[in-house]
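Structure record follows, encoded as structure tokens.
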Amino acid sequence: MSSQGPELDGQYNPGQTEQRWADLWSQTPLFHASVNKDKEPFTVVIPPPNVTGILHMGHALNDTLQDILVRMKRMQGCEALWMPGTDHAGIATQNVVERQIAKEGLTRDQLGREKFIERVWQWKKDYGSTIIRQLKRLGASCDWQRERFTMDEGYSRAVTDVFVSLYEKGLIYQGDYIINWCPRCQTALSDEEAPHHDLEGKLYYIKYPLKQIPGKGRRISKTKKTKKDGFLFEDAVVVATTRPETMLGDTAVAVNPKDSRYKHLVGSTLVLPLIDREIRIIADPLVDSAFGTGCVKVTPAHDPNDYRMGQSHGLEFINIMRPDAVLNDHAGEYAGMDRFEAREAILEDLRERKLLLKVDAHAHAVGHCYRCHTIIEPYLSKQWFVSMKPLAKPALEAVKKGRIKFTPRRWTKVYLNWMEGIKDWCISRQIWWGHRLPVYYCRHCQEQANGLPEDRPSPGRKQKIREKAPHGVIVSRTRPQRCPECGATDLKQDPDVLDTWFSSWLWPFATFGWPFSQESAAGQEGVDEQKRDLAYFYPTNVLVTAPEIIFFWVARMIMAGCEFMKEIPFRDVVIHGTVRDEQGRKMSKSLGNSIDPLEVIETYGADALRFSLVSASASDIFLSKEKFEQGRNFANKIWNAARFILMNVSSEAGGEGIDARRLNVADAWILAELNGTVRKVTRATGAFRFHEAIQELYAFFWHSFCDWYLEIAKPSIAEKNTQEILVYVLKNSLLLLHPFMPFITEEISSKLPGADPGRSMAVSVWPKPVKAYDDKQAAGQMRAVFQSVFLLRERRHELKLSASAKLNVKVWAGEKKRRSFEQVLPVIRHLGQIENLQIMEEDIVPANSLSLFVEKDIHLYLLLEGLVDIAGEIRRLDQEILEVRKQIKGKEALLSNKGFVAKAPAPVVEGERKKLKELKISSERLTEIRRALQ
RNA sequence: GGGCGCAUAGCUCAGCUGGUUAGAGUGCUGCCCUCACAUGGCAGAGGUCGAAGGUUCAAGUCCUUCUGCGCCCACCA
């Protein structure tokens, strides 16, 4: 089976092998799943990577874990469907294409909306399949026939449908609110898309002069400081702010109503410095008296808190910025300056006027755009929102009642906390690439309605069926010909598109063709099939994803599933760790610290990549390139073990002809070990403890099978039963390993004697433990082998005997153990490189020998003909005796503890007693030998 | 300000519902190119399981507090 030249023999070269299988797999219907009433469905939907994406370590881990589950379930006889696809990723993709056209000296505005969208589609055609190709190279066993894209025609219909039905239910509304605005992407963002990061900012103390004090009606002319507080003036108040530039939009100053320092000032008028606007001092409980000076400047158009105060106090909302965060005409002489430039200019001017009293260092959290990392501007604008409270309710229940389970469990609380405090979701984006809002405006009606109160629910308002749309706003699944109100044909579609996640949240069912439009290209038959598919495969079983996606996607999918399917979208949510670099930083392109999984595949192989990632998947993964060597080495070990077996085994040995009556101890032991491994791997994988499963397999295959059994089997390799066992264990190991390392297992399995070239391991049957091979005795007998061989090797080292030097050994075993020990003597003779092995009838220490104490009632004596270093041997024995006595003391103390004897479970106490007894016998025997030496 | 996680061998990490002498990989030391594998084999050194209390017959494992890291959420400007 060696496919390399003889000089490379013995080294597995994954490169060609893996590519060959990847190509083959992607061309076969092997992973295609369809309704099969005789089988239980098992469904996983892939977290769709961005079309712009290239495979990074996060994907590699995420998709490997899914592949392991899907492959195992498929082998276990499930109709396993892994739904693949990509996400159109609105902002991210638009940014990529904008950069591309920028190279041609073009902007999207120059190109125009239609042309630009064409370019994006072209881009998608050219590069959109990159990540799919990479997933195939990783070995992902997705149903590639079902690949979906969130902008597919059918999928888009689902998005529109959902928007309209939520609108009709009163769960989608339009309104002017402060939202997170990215001045670079020039779009609104949801709260989740604007993560806060700490910044080293400053807190500026600015003096706002009073125009008059209420009740006194007099102008103040003199500046006079009051005694107690550095920031109390008779003729001014001092506000503390981190964003002095927004003062141009101030329309009030607020104090806490209980703040005695300022009580008398509430209602009085201030003159806003720099632009001399008169503003009032208001009282609002939102103000924290302990912070800063207790006086807050209120900028209703540029701060969420101030917005609320603006609403409750009927303040003016002055927007001082353009969408690109350059100050507008409301900013007076600062118009045209960027927000940070303006900050400096304003501070300068304040300083000049002696109004800037103090600057403190002040760390605070500031929102950043999750796409371009620009600092977010809280910005007042008209946007579309989803009322989340009603949707959250059933989604909350589903998790509380345990119908959906998070693994690890602790994420449950994170989910619940977020859901309980859920806020409305801003879904409109001012970009071009995405699902256009199915909203149309009739200018005529809107103009008519001007000045009339708007009919829309406010955020958080109770769910209510919308009776009447706002005037001139038409929300429709298809483009209306004319305005239903006035009949005008001059309708304009809303230019905005929807948040990408507004389509992703439908992924678990929209990928099946829901809501099954009759106009679907699939035709009636196709639609019927889609319906059957959805009924069969939904709800899906497991969703595997990263923690940062819980809010963006997981929570929203649960809400969408409950709302539109009336059924949860999945039963288990598996949250895996984050892949980080050696310093613990998240791997990212911008940091330049990422390890490219494709490079790893190139140098070490996809199996090695998968192995190493999964081994480390118990927590966050701190990666370095060296970690993949372990995977590569393991693959090599598997390769060579298989090579050895195939070189030595007749082509008749298929692993099914084991004669169970002719098993020797080692045979029985390895078969029992395999049973145990089958159980542990099946259980651990099923419980999503992937690292445990792979470590179990590693230990079994390398240490039990290769290190021990293979070595033991060598002398009897010509025997049929040995051959059958070797092939049997190899085959079953490969089956268990296949979900984890699909390539090498498929490759080897295709070369096994009698392999069916048309049958992939992917559709082989997952191993089950064979009861007849359970054997507890064999393990006990083998312990004597391990210990004997180990002691002989140890002595060989100490005595500086060569590894091949033949030894003369006498053994003695107590009556009870004699038969069982004699069975394993051939193994000990072989592995211990023993020339002469004699069984003694009585346990008498032979002359010129070293005694090896294997276990209770099993003693080995290494004959050395005058080579014995008596003094050294005495020293060694003394040490051993000391150690044993220490243990005896410990056990005695434990057993004389009345509490222990009374309260510990009987088997534990019994076990301790037995151990003590054995220790005592050992001690006696060692002492005897020690005495005999003198 | 809340919430969560981590701290175990030089390094990277396992250790499920408390019960042998705490494991793996890697690194280090020594001996081996023994006819599957030097991407290998054998042997060895290396741990007061972050600190202090507590519960228990019994604690790396459960509880409390503390220390040091890390993450998430939050409208103290």
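Convention: sequence-line order gives letters A, B, ...; per-chain numbering from 1.
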Sticking with atom C1', work out how far B:G5 lies from B:G19, rounded to a whole angstrom.
28 Å
Electrostatic pair A:Glu192:A:Arg556 at N-O distance under 4.0 angstrom:
yes
Between A:Thr299 and A:Lys297, does any side-chain donor sit less than 3.5 Å from a side-chain acceptor?
yes
Sugar-phosphate only, base, or nothing, as touched by A:Leu710 at under 4.0 Å among non-hydrogen atoms:
base
Whole-Å C1' distance, B:U21 and B:G30
25 Å
Looking at every strand, decide which applies to A:His197 at a 4.0 Å heavy-atom threshold: base, sugar-phosphate, or nothing.
nothing
In whole Å, what is the span from the CD atom of A:Glu918 to the P atom of B:U21?
13 Å
Separation between the C1' atoms of B:G44 and B:G27, rounded to whole Å:
14 Å
Is A:Glu377 salt-bridged to A:Arg339, cutoff N-O under 4.0 Å?
yes
Between A:Glu912 and A:Lys915, does any side-chain N to carboxylate O distance fall below 4.0 Å?
yes
Can a salt bridge be assigned to the pair A:Glu918 and A:Lys891 using a cut-off of 4.0 Å between side-chain N and carboxylate O?
no
Note: A:Lys751-A:Glu747 ion pair, threshold 4.0 Å (strictly below):
yes
For RNA chain B, find the residues of residues 284-292 of chain A with a heavy-atom distance under 4.0 Å and give them by number; none if there aren't any.
A:Val287, A:Asp288, A:Phe291
Readout for nucleotides 13-20 of chain B: B = base within 4.0 Å of protein heavy atom, S = sugar-phosphate only, - = neither; 5' to 3' it is SSS---BB
Base, sugar-phosphate or nothing for A:Arg308? Non-hydrogen atoms, less than 4.0 Å.
base
Do A:Lys714 and A:Phe644 meet the cation-pi criteria used here (NZ or CZ under 6.0 Å from the six-membered ring centre, within 45° of the axis)?
yes
Could you state the atom-to-atom distance from CG of A:Asn648 to P of B:C37 in whole Å?
11 Å
Report the distance from atom CD1 of A:Ile645 to atom P of B:C37, rounded to the nearest whole Å.
14 Å
Under 4.0 Å, counting only non-hydrogen atoms across every strand here, what does A:Lys297 touch: a base, just sugar-phosphate, or nothing?
nothing
Pair A:Asp424, A:Tyr177: side-chain N/O donor-acceptor within cut-off below 3.5 Å:
no
Between B:A51 and B:G10 - P atom distance, rounded Å:
14 Å
Please tabulate the protein-to-nucleotide N/O contacts below 3.5 Å involving nucleotides 39-47 of chain B, giving atom names and distances.
| from | atom 1 | to | atom 2 | distance (Å) |
| --- | --- | --- | --- | --- |
| B:U39 | O4' | A:Arg632 | NH2 | 3.3 |
| B:U39 | O4' | A:Asn633 | OD1 | 3.1 |
| B:U39 | O2' | A:Asn636 | ND2 | 2.8 |
| B:U39 | O2 | A:Arg632 | NE | 3.4 |
| B:U39 | O4 | A:Gln11 | OE1 | 2.2 |
| B:G40 | OP1 | A:Asn633 | ND2 | 3.1 |
| B:G40 | O3' | A:Lys637 | NZ | 3.2 |
| B:G41 | OP1 | A:Lys637 | NZ | 3.3 |
| B:G41 | OP1 | A:Trp702 | NE1 | 2.4 |
| B:C42 | O3' | A:Arg793 | NH1 | 3.4 |
| B:C42 | O2 | A:His797 | NE2 | 3.4 |
| B:G44 | OP1 | A:Glu794 | OE2 | 3.3 |

So what does A:Glu711 touch, heavy atoms closer than 4.0 Å: a base, only the sugar-phosphate, or nothing?
base
Report the base-pairing partner of B:G1 (Watson-Crick or G-U wobble, both distances below 3.5 angstrom), or none.
B:C73
Partner of B:A7 by Watson-Crick or G-U wobble geometry, both contacts under 3.5 Å, or none?
B:U67
